[in-house]
Amino acid sequence: MSTPSISTSIRNSLEELAISDKASGIKAKFSVDLDRVDRFSFDFGQFYMDLSKTHISQELLSIYLKFANEIDFVAKRESLLAGERINNSEDRSVLHTLLRDISNQGISMSDDDVLAQAKASKAQFVDQYHQIQQQLSKREHAIKDIIHVGIGGSSLGTQLVFEALKDLNSSIKVHFIGNIDAHQLVDVLSQCELANTLVIGVSKTFTTAETLQNLDSIADWFKAGGVNNPLAHFYAVTAAPSKAHDYGIPSNNIVSFPTWVGGRYSVWSSVSLSAALVIGIEKFEEFLSGAAALDKHFYTQSPETNGCFLAAMLDHYYVNFLCVKSRAIFAYDFRLRSLVDYLQQLETESNGKDRQRNGDPVDQQTSPVVWGGVGTDVQHSVFQMLHQGTSLIPSEFILVRDPDHDLVEHHKELLANGLAQTAALLEGQDKAQIDSIHAQDGLTDLAKRAKIFSGDRPSTTILLDRLTPKALGALLAFYEHRTFCFGVFANINSYDQMGVELGKRLATQVKPLLDPVKPIQDSEQTQKSAEGFDPSTLSLLSKVGSS
Ligand code: F6P
């Protein structure tokens, strides 16, 4: 029997509320709750969030406030802030927030070592940034391309920061190589010239197979171009400096960060060196300060006025009581095209868990599938399902009021579309409206019925005044804290990622079996490695391995 993570009385109240929410929908809430928009909207300074077009209500909030009391939510938030080892399976603190503000709003951190590490890591990052900038300014050939080699948390955030904050006409390109699939690498190398290219290998562990293989192949490319000891020119960013050194990167070119910075929480660290080299360290500092301001909101506001708590409350209510399986995020700004990939890792790697903190199986739903894309492109692909599909998919619209280009008409159209979608999702369109629109044109009844939109589909709107470094920092910190809150509601450890291990281990077993000169049935050795695989995998192996 696993430990119940939600008391029966909270579960019953939420089940009852869900029955009434399913029956009445969201539109009806606006007519009974006249100041709904004001009550359920939040101004975080750097952005504004409107939750009123969701199932949020005073009743829902009251139940979650009781739930928060029962599970000691505030004490758990304190533990995060205080640097307790809340990543219990790996026995680690979760302190990436220290990197955005070392004083961290009065953190009750007793461990001086941790503060010293945070300071040293920041100083080394800034120092290395300046050294590289200096070296680059002295080079005979200006750097035009940076190849950032890293995967998952060692690249997704950096790529987002680079794309979102670089000047539109920036002369340096950063290429992000993560995948082991060399089609990507070959393509990138074909765009770069050896003399103008800087390589930065980024890996928290410096053991990740894809990253090491890609670095090896880039080193070979340098050798083929006449550079004798390419690794001497590469940089590494890692929490395992000795591993980077053993790999061959000179100590002076290694920038380290502390192990208490999780991979998917490492955008605030020197992992973002390549992006910082392009956008400038000043903008990067602003990015950090935007996040620190959001931290303050999260740590100081009580749950009922805490935007992160309330957004997570809805996420949790939707997956557990309104049968929601996925949440969609649509950024109406091309510069945020990597946001969904970033948030997908943040939320699903953090909260896609089936064990409670004590190791018991979970007794509730955990992370929904997180997906999405960029508006208005998505309107012409997946929005059909959003409006008329059979699943309830809460969606998030991220809009930026002021663009950084002069094509005003484009931007008006972009914003109009984003706003119109949220209105359409809420309002829908009934048969009477369709009859009146098509009163004169003889549209068939069949076609009219196909045009019915049920409405009552939840959406959240997040509005940034401009896509500044501060606003981006605040936005990402908001999602981090929302992810934390969800993990507390679900009673899971949001900071490990054991679910990625098994596949990695099996890949090392599978790889030798793919050797075409040793067909599977031919050697005792391969037969031994093949043992334990299921018949389907064995059959596929024989097809791939015999090519
Ligand atoms: O395999 C998952 C993972 O460990 C992620 O959590 C991490 O961000 C990524 O791989 C890269 O790991 P590293 O930074 O150690 O190369």
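Numbering of ligands and ligand atoms starts at 1, following listing order.
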Exercise. Is ligand 1 less than 4.0 angstrom away from at least one heavy atom of Glu210?
Worked result: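 No, that is not the case, since the closest heavy atom of the residue is not under 4.0 Å from the ligand.
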State the atoms of ligand 1, each with its element, that fall below the 4.0 Å cut-off from a heavy-atom position in [X].
{"X": "Gln497", "result": "6 (O)"}
{"X": "Ser154", "result": "13 (P), 14 (O)"}
{"X": "Gly152", "result": "8 (O)"}
{"X": "Gln345", "result": "5 (C), 6 (O), 8 (O)"}

Distance to 0.1 Å, residue and atom name: give those for the protein heavy atom nearest to [atom].
{"atom": "atom 9 (C) of ligand 1", "result": "Ile151 O, 3.6 Å"}
{"atom": "atom 8 (O) of ligand 1", "result": "Gly153 N, 2.7 Å"}
{"atom": "atom 4 (O) of ligand 1", "result": "Lys504 NZ, 3.8 Å"}
{"atom": "atom 12 (O) of ligand 1", "result": "Thr208 OG1, 3.5 Å"}
{"atom": "atom 6 (O) of ligand 1", "result": "Glu349 OE1, 2.7 Å"}

Exercise. Does the side chain of Thr208 reach to within under 4.5 Å of the side chain of Ile151, using non-hydrogen atoms?
Worked result: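 Of all side-chain heavy-atom pairs linking Ile151 with Thr208, at least one is under 4.5 Å.
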Exercise. Any side-chain heavy atom of Leu339 sitting closer than 4.5 Å to one from Leu476?
Worked result: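 Sidechains of Leu476 and Leu339: in contact.
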Exercise. Do Ser266 side-chain atoms and Gly153 backbone N/O form a donor-acceptor pair below 3.5 Å?
Worked result: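 Side chain of Ser266 to backbone of Gly153: a pair is present.
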For this session: Select one of side chain, backbone, both or neither to describe which atoms of Thr205 lie under 4.0 Å from any atom of ligand 1, heavy atoms only.
Result: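 For Thr205, the contact with ligand 1 is made by both the backbone and the side chain.
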For this session: With heavy atoms under 4.0 Å as the rule, classify the contact between Lys204 and ligand 1 as side chain, backbone, both or neither.
Result: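 Both backbone and side chain.
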Exercise. Looking just at side-chain N and O atoms, do His233 and Asn253 make a donor-acceptor pair shorter than 3.5 Å?
Worked result: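 Distance-only check fails for His233 and Asn253.
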Exercise. Ser338 and Asp341: side-chain donor and acceptor closer than 3.5 Å?
Worked result: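 No, Asp341 and Ser338 have no side-chain donor paired with an acceptor closer than 3.5 Å.
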Exercise. Parallel under 30°, tilted from 30 to 60°, perpendicular over 60°: which one fits the rings of Phe298 and Phe484?
Worked result: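 Rings of Phe298 and Phe484: perpendicular, as their planes differ by over 60°.
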Exercise. Can you say whether the rings of Tyr317 and Tyr64 are parallel (under 30°), tilted (30 to 60°) or perpendicular (over 60°)?
Worked result: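 Taking Tyr64 first and then Tyr317, their aromatic rings stand perpendicular (interplane angle over 60°).
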Exercise. Is there any N or O on Arg264 that sits under 3.5 Å from an N or O of ligand 1?
Worked result: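 Among all N and O atoms of Arg264, none is under 3.5 Å from an N or O of ligand 1.
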Using residues 118-126 as the side-chain source, report each donor-acceptor pair under 3.5 Å to any protein atom, sequence neighbours left out, with the distance given to one decimal.
from	atom 1	to	atom 2	distance (Å)
Lys122	NZ	Glu285	OE1	3.2
Lys122	NZ	Glu285	OE2	3.4
Gln124	OE1	Ser256	N	3.0
Gln124	OE1	Ser256	OG	3.2
Gln124	NE2	Ile254	O	3.2

Problem set entry | Pairing of Arg327 and Glu396 as salt bridge, 4.0 angstrom limit |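 Yes, charged N to carboxylate O under 4.0 Å.
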